[in-house]
Amino acid sequence: MVKVKVLLPAMGEGVIEATITQWLKQVGEQVEEDDPIVEIATDKVDSEIPAPVSGKLSRQLFSENDVPKVGDLIAVIEAESAEDVDESFILTEDDTDDSKSAKPKQTSVQDEPKEQAEAEMQTSDDRTETSESESLGSASFFSPLVKSIAKAENISFDQLEQIKGTGLHGRVTKDDVLNWLNNPKVQKQTKQPASEPQTKSVGNAVPAPEISIPSLPGDEITEMGRMRKLIADHMVTSKRVSPHVTSFVEVDVTNIVNWRNKHKSDFQEKHNEKLTYTPIFIEALLKAIADYPMINVSVSGTKIIRHKQVNIGMATALPSGDLIVPVIKQADEKNLVGLARSVNDLASRARSNKLKPDEIQGGTFTVTNVGTFNNITGTPVINQPEVAVLALGAIKKKPAVIETPSGDTIGIRHIMILAMSYDHRVVDGALGGMFLDRVGKYLEDFDQKRTI
């Protein structure tokens, strides 16, 4: 038998750890290669780790709610052979297989005798208490996310020490800090003077404090799920950071509707991809960004960061009712087929919880399709740290004036509304208006004679 390591994989820039949310396979169970064996969560996305080989899951090195770091050994699979596995993933006698002696956080070695595990756990706890007491003053045992929130909220190290941690070994978690801040007494202590405006880091925003709401007959109280809390934080942060302005333009997309209806079957047969409206709209958007590159920027303090890459985020509704924004990287380098392939792939994997953390990072402009829900328009919230977001409304048949060389006529046309919210710190009405109008013009001038 060969013992194969299962490591916590790298998950994108800035992600250094993840929470074990659920073991999908238990010790002793048979697993097939690529079967998901554990669910993990970061502050950006939930994901699954697949089995690298077929075999029997022999060890779990972390319990649910533990927080391993990238590269940590989290499980071991016993396989008949591992011919296609890199040698570095084979567990040998030289490896420190007893992870408890190396990492105090790893407290779930399920195949060891109970007495031995309890003895090692006590030793581990002793070491943890010693290391934490020795690190006072450096806050080295607080996670980077906790320290980042503390900095943004003007929380001193002494105050952090007063927070009761609910994590492993009393570790202070993000929720512990947010709950502490939501205490009305604490809010008075940490509130900054008006003369010292506070800048919060994106993703670390603190939700508004609970307000007193009269109880009504039949009310049910439900705690927000983890992803809903992240969405709420992100939306509140965006409205605080960016002065939002929203512009609208009505667009005649009859040429696009007719062309798609004519070619969608052939497109799928030729490219094995479904042709939706989204990649067509993104194609027009990319042309307009090339014309007005100052819409493809971010703001950091008083600095404007102009992005060379054009990475398009596409807001995707999940079956759970939550929202996620996978990103088409370097979208401007793709043709219509490539855009359709990316849109279909990312949307499908988003809905099945298969996205990787780095696939929801690095966006420079976001599109949200409110027309999916038969809404004609909306006022979208900017996806920080971007400066603009485009909402695509539902396409409706309407009577419209058609200008012809021989005079105006009235006909039935396919009309939609584009709505774009933009950050008025760097995008004025002129730039926002011209850009949105240019997107509309590219859609209206769509070539019905183009091939697939």
Show the nearest heavy-atom pair for residues [X] and [Y], with the distance to one decimal.
X	Y	result
Ala79	Val53	CB-CG2, 3.9 Å
Val76	Leu57	O-CD1, 3.6 Å
Gly378	Ala419	O-CB, 3.2 Å
Gly393	Val370	CA-CG2, 3.9 Å
Leu443	Ala284	CD2-CB, 3.5 Å
Ala350	Thr316	CB-CG2, 4.1 Å

Gap between atom [atom2] of [Y] and atom [atom1] of [X] - 0.5 Å precision:
X	Y	atom1	atom2	answer
Lys262	Ile452	NZ	CD1	10.5 Å
Thr366	Asn383	OG1	CG	4.0 Å
Ile40	Ile74	CD1	CD1	7.0 Å
Asn65	Thr21	CG	OG1	8.5 Å
Leu392	Thr278	CG	OG1	6.5 Å
Leu336	Ile282	CG	CD1	10.0 Å

Ignoring hydrogens and geometry, is there a side-chain-to-backbone donor-acceptor pair from [X] to [Y] under 3.5 Å?
X	Y	value
Trp23	Phe62	yes
Thr237	Asp233	yes
Asn344	Arg341	no
Asn375	Gly371	no
Thr19	Val67	no
His263	Thr451	no
Ser342	Gly338	yes
Arg413	Pro399	no
Asp428	Ala430	no

Taking atom types as modelled and ignoring hydrogens, do the side chains of [X] and [Y] form a donor-acceptor contact shorter than 3.5 angstrom?
X	Y	value
Ser242	Gln384	yes
Ser421	Thr246	yes
Asn311	Thr364	no

Do [X] and [Y] make a side-chain contact, defined as non-hydrogen atoms from C-beta onward lying under 4.5 Å apart?
X	Y	answer
Leu181	Ile155	yes
Lys3	Ile90	no
Val427	Ile295	yes
Val337	Glu273	no
Val439	Leu418	yes
Leu73	Leu8	no
Ile77	Pro52	yes
Val253	Ile415	no

(request) Applying side-chain contact (heavy atoms from CB on, under 4.5 Å), run through Ile324 and Leu355 and close with a yes or a no. (result) CA-CA 10 Å; Ile324 200 165; Leu355 289 175; 4.0 Å; yes
Got a sec, which residues hit side-chain hydrogen bond (donor to acceptor under 3.5 Å, both in side chains) with [X], two or more places apart in sequence or on another chain?
X	answer
Arg349	Asp345, Glu359
Ser320	Asp322
Ser406	Thr404
Gln22	none

**Request:** Using the side-chain contact (heavy atoms from CB on, under 4.5 Å) rule, take Ile289 and Ile312 through it: C-alpha gap first, then chi angles, then the decisive distance, then the call.
**Result:** CA-CA 11 Å; Ile289 290 176; Ile312 302 298; 4.1 Å; yes
Practice item. Quick one: do Asn258 and Gln448 satisfy side-chain contact (heavy atoms from CB on, under 4.5 Å)? Show the steps, please. Key: CA-CA 8 Å; Asn258 292 338; Gln448 294 190 83; 3.7 Å; yes
Q. Taking everything shown except Asp408 itself, do over 12 heavy atoms lie less than 6.0 Å from its CG?
A.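 Enclosed.
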* Give a yes or no on this: more than 12 heavy atoms of other residues, nucleotides or ligands lie within 6.0 Å of atom CG of Leu323. =>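 Atom CG in Leu323 is packed in, count exceeds 12.
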Would Phe267 and His271 count as a ring pair (Phe, Tyr, Trp, His ring centres under 6.0 Å) here? Give the steps. CA-CA 6 Å; Phe267 188 93; His271 302 292; 4.8 Å; yes
Give me each pair satisfying salt bridge (charged side-chain N to carboxylate O under 4.0 Å, His left out) with a member in [range], each pair once, sequence neighbours excluded.
range	answer
residues 370-389	none
residues 47-57	Glu48-Lys354
residues 295-315	none
residues 438-452	Glu283-Arg450, Asp291-Arg438, Asp437-Lys441

Within [range] or reaching into it, pairs that qualify as ring-ring contact (aromatic ring centres under 6.0 Å, His included) - sequence neighbours excluded:
range	answer
residues 347-386	Phe365-Phe435
residues 412-434	none
residues 278-336	Tyr277-Phe281

Side-chain donor-acceptor contacts of residues 325-333 below 3.5 Å, not counting sequence neighbours, with atom names and distances?
from   : atom 1 : to     : atom 2 : distance (Å)
Lys329 : NZ     : Asp358 : O      : 2.9
Lys329 : NZ     : Gln361 : O      : 3.4

Evaluate Val4 against Leu91 for side-chain contact (heavy atoms from CB on, under 4.5 Å), listing each step before the verdict. CA-CA 6 Å; Val4 179; Leu91 199 65; over 6 Å; no
